[in-house]
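Data block below; observations after.
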There are 2 protein chains.
Amino acid sequence: MGDRVSTANSLAVDDLGSAAQRDRRKRILDATIQLASQGGFDAVQMRAVADRADVALGTLYRYFPSKIHLLVSALQREFERTEAATRDRPVEGETTADRVISVLKGTTRGMQSDPQLTEALTRAFMFADASVAAEIHQVGMLLTSMLTRAMYPEGHDELTEEDVAIARVIGDVWLSALVGWVTGRTSAAETGQQIEVAVKLLLRD
Amino acid sequence: MGDRVSTANSLAVDDLGSAAQRDRRKRILDATIQLASQGGFDAVQMRAVADRADVALGTLYRYFPSKIHLLVSALQREFERTEAATRDRPVEGETTADRVISVLKGTTRGMQSDPQLTEALTRAFMFADASVAAEIHQVGMLLTSMLTRAMYPEGHDELTEEDVAIARVIGDVWLSALVGWVTGRTSAAETGQQIEVAVKLLLRD
DNA sequence: AGCCAAAGTGGAACGTGTTCCTATTTTAGA
DNA sequence: TCTAAAATAGGAACACGTTCCACTTTGGCT
């Protein structure tokens, strides 16, 4: 009775090949995040990632065609985790603005608790070109999703164009603020301030 | 009578040393912009810049301690030119929003007419860390200045905190839109749209 | 004019992202 | 079980940002 799992990998969410391949991919992303967390963007060196993931350099490049792809993919994974964590928890706050601010500050606080990791991921995000558009778009969707959920906690059906536009602008401000912070040009407090002001300007009804 | 200009360089706006030094600096920035204009960020190679500016590599590094400094300094010079050009010209448009959109679209159009240059300068701007804070801040001031002038063409005295906050948010959106565009993730039309929507959201009185 | 410190030259050298190549191992299918 | 294809290992090689060094030129001072 050889139950040698007859090729059955079709259950994978995104069809990422065999179990061994999924495992390698995970090891690589884990190593990336460890290194980023310790030393930021510069510490994520391809040879170091390969070593720590116990994978050859060529294999690393087979999975992720560049350092930027690697880091943006890591960002995507982290962001999915964050979004999932936010999903079930009810958003606190009376007004729309309060709820949005609450969600954003929560997320920002989470990122600021690991500055090096945030620096690495944000830098990669800002440097990414068209070849990473898919991953970037995915992250953008997650952010929009988090924001609109904060705006309408009890599952609205109708998101107006304006709602989406507002979410987008807030996302832009958030990103700028984050860049200012990771590059050491603004403090954590200023970053929070910047976001709060923008949200209040945009959601004053 | 030897009128050999007795050390008289104290008239320089920012005290940038001797005429020879100012000349070298200019040659370097010119070379940078030429190369960026032709091939974007990747084409601005330090050896190439040094060659074209007719300067040794070490000298280039004496003037600009990194490629990022070099490009951000080039951006600063270009932006000063742009800002000066906008200064005298009256801003067209009835409403505040119209005027701001007009100024931003004009500037954006200018940048989009030289995509490679814009890509190089924007990339550098986004990658700049704290050591370039001075130059970055200068560019931010110029942008704010352009925006508030568009908001109040007839020289208001009182810029409220809200005015400045709005200008800042618009600047953030502009930057995000620009990054999306230079990295090939959004089209020129989408970029304009994105800015217009944000401005209308923020200036709807 | 002659001297000295600062600035510039020319180029070697190093680190890290990326590419490439060959040998070996794993995997899928007959 | 056997075999061909795909994946991986291991590492050399290359490109470009950056650093460094020995030497030369420049410019201000006496």
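Please read all numbers here as calculations on a predicted model, not as lab measurements. Chain naming here is simple, since letters A, B, ... match the order of the sequence lines and numbering starts at 1 in each. Computed over heavy atoms, backbone and side chain alike; hydrogens, waters and symmetry mates excluded.
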Quiz prompt | A:Ser113: partners by side chain to side chain donor-acceptor pair (under 3.5 Å), with sequence neighbours left out | solution = none

Quiz prompt | With A:Thr183 via side chain to side chain donor-acceptor pair (under 3.5 Å) - residues at least two apart | solution = A:Arg185

Report all side-chain donor-acceptor pairs from residues 39-62 of chain B shorter than 3.5 Å, counting only partners two or more places apart or in another chain.
from: B:Gln45; atom 1: NE2; to: B:Asp42; atom 2: O; distance (Å): 3.3
from: B:Arg52; atom 1: NH1; to: B:Gln34; atom 2: OE1; distance (Å): 2.7

Quiz item: Hey, does A:Lys67 have a side-chain heavy atom less than 4.5 Å from the side chain of A:Leu71?
Solution: yes

Quiz prompt | Salt-bridge criterion met for A:Glu83 and A:Arg149 (N-O under 4.0 Å) | solution = yes

Quiz item: Is the shortest distance from a Lys or Arg side-chain nitrogen in A:Glu80 or A:Arg77 to a carboxylate oxygen in the other one below 4.0 Å?
Solution: no

In whole Å, I'd like the distance from the [atom1] atom of [X] to the [atom2] atom of [N].
| X | N | atom1 | atom2 | value |
| --- | --- | --- | --- | --- |
| B:Arg22 | C:dA7 | CZ | P | 15 Å |
| B:Phe64 | C:dG8 | CZ | P | 12 Å |
| A:Ile68 | C:dT18 | CD1 | C1' | 13 Å |

Exercise. Summarise protein proximity over nucleotides 5-17 of chain D in one line of letters, 5' to 3': B for base, S for sugar-phosphate only, - for none, counting protein heavy atoms closer than 4.0 Å.
Key: --SSBB--B--BB

Self-check item: Five-pair end axes of the helix from C:dA1-D:dT30 to C:dA30-D:dT1, angle between them (10°)
Solution: 10°

Practice problem: For B:Thr107 and B:Trp174, test the side chains for any donor-to-acceptor distance below 3.5 angstrom and give the result as yes or no. | Solution: no

Practice problem: Just jot down the salt bridge (charged side-chain N to carboxylate O under 4.0 Å, His left out) partners of B:Arg99, sequence neighbours excluded, or say none. | Solution: none

